[in-house]
Trainee: 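Below you will find the structure I want to go over with you.
Excluded from the calculations below are hydrogen atoms, water molecules and symmetry mates; all remaining heavy atoms, backbone and side chain alike, are included.
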Amino acid sequence: MKVEIFDDKEALEPMFVGEFPQLPRVGEYLSIDREGYFKYYRVVEIWHRIGSEDVIFQSCVRVELED
């Protein structure tokens, strides 16, 4: 499942897009390799938006850095 990851509530573009076997839940943590070491992000919000023609709804999550 493709999920767009946002780190700012006002962002128009995702920080990155990730592939997940299932949608992360609020409260779960994501560890992301950033510049040679892992940063830990907590999922704080989930929503779905209308995507392109071939994807009716796109999953999106907002995360906060917990480093």
Trainee: Nearest 0.5 Å please: distance from the OG atom of Ser59 over to the CD atom of Gln22.
Mentor: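 Nearest 0.5 Å value for the OG-CD distance: 12.0 Å.
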Trainee: For the residue pair Glu4 and Val17, what are the closest heavy atoms and their distance?
Mentor: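 Heavy-atom minimum between the residues: CG-CG2, 4.0 Å.
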Trainee: Which residues pass the salt bridge (charged side-chain N to carboxylate O under 4.0 Å, His left out) test with Glu28, sequence neighbours left out?
Mentor: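 In terms of salt bridge (charged side-chain N to carboxylate O under 4.0 Å, His left out), with neighbours along the sequence ignored, Glu28 is linked to no residue.
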Trainee: Can you sort out the partners of Phe20 under side chain to side chain contact (heavy atoms under 4.5 Å, CB included), two or more places apart, ordered by chain and number?
Mentor: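 Counting only residues at least two positions away or on another chain, Phe20 forms a side chain to side chain contact (heavy atoms under 4.5 Å, CB included) with Val3, Ile5, Pro24, Leu30.
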Trainee: With side-chain contact (heavy atoms from CB on, under 4.5 Å) as the test, would you mind laying out the steps for Leu23 and Met1 before giving the verdict?
Mentor: CA-CA 7 Å; Leu23 186 64; Met1 162 184 291; 3.8 Å; yes
Trainee: With side chain to side chain donor-acceptor pair (under 3.5 Å) as the rule and sequence neighbours excluded, what pairs involving residues 5-19 come up?
Mentor: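 Of all non-adjacent pairs touching residues 5-19, none passes side chain to side chain donor-acceptor pair (under 3.5 Å).
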Trainee: Under 4.5 Å between any side-chain heavy atoms of Met15 and Val63, yes or no?
Mentor: yes
Trainee: Within the structure provided, determine whether Lys39 and Leu65 are in side-chain contact (heavy-atom separation under 4.5 Å).
Mentor: yes
Trainee: Checking Arg49 against Cys60 for the side-chain contact (heavy atoms from CB on, under 4.5 Å) test, could you report, in this order, the C-alpha distance in whole Å, the side-chain angles of both residues, the deciding distance, and whether it holds?
Mentor: CA-CA 7 Å; Arg49 66 173 180 81; Cys60 305; 4.0 Å; yes
Trainee: With heavy-atom distances below 4.5 Å as the criterion, would you say the side chains of Val26 and Val61 are in contact?
Mentor: no
Trainee: Working to the nearest 0.5 angstrom, can you tell me the gap between Arg42 CZ and Glu66 CD?
Mentor: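 Answer for the CZ-CD pair, Arg42 versus Glu66, is 4.5 Å.
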Trainee: Starting from Phe6, walk the hydrophobic network (Ile, Leu, Val, Met, Phe, Trp, Tyr; side-chain heavy atoms closer than 4.5 Å) and list everyone else you reach, by chain and number.
Mentor: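 Answer for Phe6: Trp47.
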Trainee: Could you check if a side-chain atom of Phe16 sits within less than 4.5 angstrom of a side-chain atom of Ile32, using non-hydrogen atoms only?
Mentor: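 Counting from C-beta outward, Phe16 and Ile32 do come under 4.5 Å.
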